[in-house]
Amino acid sequence: MGYDGNLLYIISREGRQIPFPEDYIFKESYNITPNQKQDINSKLAANYVLKRRVAKHRRSKIEWNIIPEIDNDELYSLQKLFLDNILNEDEENVRLRYFNPRKNDYEEGMFYSPDITYMIKRTDPVTKKVIYASTRFAAIEY
């Protein structure tokens, strides 16, 4: 299928695909480690040969920074794309559809987001806005 014009979609509770706005992604920061293998009790044998057991399920990790100089309203609207579509309140997990460069196609998965560290660049007393430095978002598949 190939790239359709958007790297990442949040899948709503109703099944709609909501594109994450690419204009807000600092492109050189976007990185994906698709289909990571997970070892299950792998160990060295007595002759130092690795006996590797790998889980069938592969996990992807996606990280990106938001462009710098966005204000608190813009950042909040980006976060709400995720917050409004959380499937489990305790885990704060969401379903994503993402472009996988390894397959040159899209995949779907259940992801959680690690906590976000907000870096304030400055405040604007005239507009009463908080202006942020480039903020990191991440999604790690279950």
Side-chain angles (χ1 to χ4, degrees), residues 1-45 48-142:
M1 178 178 168
Y3 176 70
D4 71 5
N6 211 63
L7 292 167
L8 187 64
Y9 296 88
I10 296 99
I11 300 175
S12 74
R13 293 181 187 128
E14 300 80 35
R16 290 179 300 117
Q17 294 185 22
I18 305 162
F20 189 89
E22 285 218 8
D23 290 345
Y24 283 99
I25 297 174
F26 182 59
K27 297 300 185 295
E28 290 181 14
S29 74
Y30 188 93
N31 66 81
I32 178 171
T33 309
N35 310 111
Q36 296 179 86
K37 296 172 197 71
Q38 300 174 86
D39 284 87
I40 305 170
N41 298 327
S42 296
K43 55 188 168 187
L44 289 177
Y48 296 102
V49 173
L50 178 64
K51 299 290 184 182
R52 192 165 186 214
R53 291 183 50 215
V54 178
K56 290 186 188 287
H57 177 66
R58 305 283 196 254
R59 299 174 7 158
S60 295
K61 180 172 74 171
I62 307 166
E63 299 174 290
W64 69 97
N65 287 356
I66 301 303
I67 58 172
E69 300 282 326
I70 67 171
D71 66 37
N72 49 293
D73 293 332
E74 293 171 299
L75 183 58
Y76 183 68
S77 69
L78 294 174
Q79 292 175 102
K80 273 189 69 60
L81 292 172
F82 291 94
L83 295 173
D84 288 348
N85 294 291
I86 288 173
L87 300 172
N88 178 304
E89 292 296 326
D90 291 333
E91 297 177 14
E92 291 192 353
N93 56 3
V94 294
R95 190 149 194 82
L96 299 178
R97 179 175 177 253
Y98 60 97
F99 179 70
N100 182 340
R102 183 175 180 175
K103 297 182 176 182
N104 195 34
D105 203 355
Y106 287 83
E107 290 189 350
E108 286 185 19
M110 187 71 69
F111 288 78
Y112 70 91
S113 293
D115 295 331
I116 296 173
T117 300
Y118 302 94
M119 298 189 332
I120 295 173
K121 186 164 187 173
R122 68 179 187 284
T123 57
D124 188 330
V126 175
T127 62
K128 302 209 180 336
K129 297 280 185 181
V130 177
I131 309 300
Y132 291 92
S134 188
T135 300
R136 176 186 168 267
F137 278 55
I140 301 169
E141 191 170 11
Y142 282 91

Can you find a heavy atom in the side chain of Met110 that is under 4.5 Å from one in the side chain of Leu87?
-> yes
Answer yes or no: is there a side-chain heavy-atom contact under 4.5 Å between Ile120 and Ile131?
-> no
Going by heavy atoms in the side chains, are Leu96 and Ile10 under 4.5 Å from each other?
-> yes
Identified ring pair (Phe, Tyr, Trp, His ring centres under 6.0 Å) partner of Trp64 from the options Phe26, Tyr24, Phe20 = Phe20
Answer yes or no: is there a donor N or O on one side and an acceptor on the other, between the side chain of Asn93 and the main chain of Asn88, under 3.5 Å?
-> yes
Show the numbers, then the answer: is there a side-chain hydrogen bond (donor to acceptor under 3.5 Å, both in side chains) between Glu107 and Asn35?
-> CA-CA 10 Å; Glu107 290 189 350; Asn35 310 111; 3.3 Å; yes
Sorted by chain and residue number, the side-chain contact (heavy atoms from CB on, under 4.5 Å) partners of Lys27 (sequence neighbours excluded) come out as Glu22, Ile25
Ser60 to Pro34 - nearest heavy-atom pair and separation = OG-CA, 3.3 Å
For the residue pair Ser29 and Asn65, what are the closest heavy atoms and their distance?
-> OG-N, 2.7 Å
Among Tyr142, Tyr98, Phe82, whose side chain to side chain contact (heavy atoms under 4.5 Å, CB included) with Phe111 holds?
-> Tyr98
Ser134 side chain vs Ile66 backbone, donor-acceptor pair below 3.5 Å = yes
Rounding to 0.5 Å, atoms CG (Leu78) and CD1 (Ile70) come to a distance of 5.0 Å
Which heavy atom of Pro114 sits nearest a heavy atom of Ala138, and at what distance?
-> CD-O, 3.6 Å
Report yes or no: does Gln38 contribute a side-chain atom to a donor-acceptor pair with the main-chain N or O of His57 at less than 3.5 Å?
-> yes
Nearest-0.5 Å distance, CG of residue Leu8 to OH of residue Tyr30 | 5.0 Å
Give the intermediate values and the outcome of side chain to side chain contact (heavy atoms under 4.5 Å, CB included) for residues Asp71 and Thr127.
-> CA-CA 10 Å; Asp71 66 37; Thr127 62; over 6 Å; no
Residues in side-chain contact (heavy atoms from CB on, under 4.5 Å) with Gln36, at least two apart?
-> Thr33, Lys61
Output the distance between atom OG1 (Thr123) and atom CG (Asn72), rounded to the nearest 0.5 Å.
-> 10.5 Å
May I ask you to decide if Ala133's main-chain N or O and Thr135's side chain share a donor-acceptor pair within less than 3.5 Å?
-> yes
Minimum side-chain heavy-atom gap Val54-Asp39 below 4.5 Å = yes
Check: Gly2 main-chain N/O paired with Asp4 side-chain donor or acceptor under 3.5 Å = no
Applying salt bridge (Lys or Arg N to Asp or Glu O under 4.0 Å), name anything that partners Lys121, two or more places apart in sequence or on another chain.
-> Glu69
From CD (Glu74) to CD1 (Ile67), nearest 0.5 Å | 7.0 Å
In chain order, what residues pass the side-chain contact (heavy atoms from CB on, under 4.5 Å) check against Pro101, with sequence neighbours excluded?
-> Ile32, Phe99
So, do Arg52 and Lys37 sit near enough that their side-chain heavy atoms are less than 4.5 Å apart?
-> yes
One should read off an interatomic distance between Arg13 CZ and Arg95 CZ, to the nearest 0.5 angstrom, of 14.5 Å
For Gln79, which residues count as a side-chain contact (heavy atoms from CB on, under 4.5 Å) partner, sequence neighbours excluded?
-> Leu75, Tyr76, Leu83, Ile116, Tyr118, Phe137
Please work out which of the three classes, parallel, tilted or perpendicular, describes the rings of Tyr3 and Tyr106, given edges at 30° and 60°.
-> parallel
Donor-acceptor under 3.5 Å (Glu141 side chain, Arg59 main chain) = no
Quick one: salt bridge (Lys or Arg N to Asp or Glu O under 4.0 Å) partners of Glu28, sequence neighbours excluded?
-> none
Donor-acceptor pair, side chain of Ser113 and main chain of Ala139, under 3.5 angstrom | no
Is the CG atom of Asp115 crowded by more than 12 outside heavy atoms at less than 6.0 Å?
-> no
So how far is it from Glu63 CD to Asn31 CG, rounded to the nearest 0.5 Å?
-> 5.0 Å
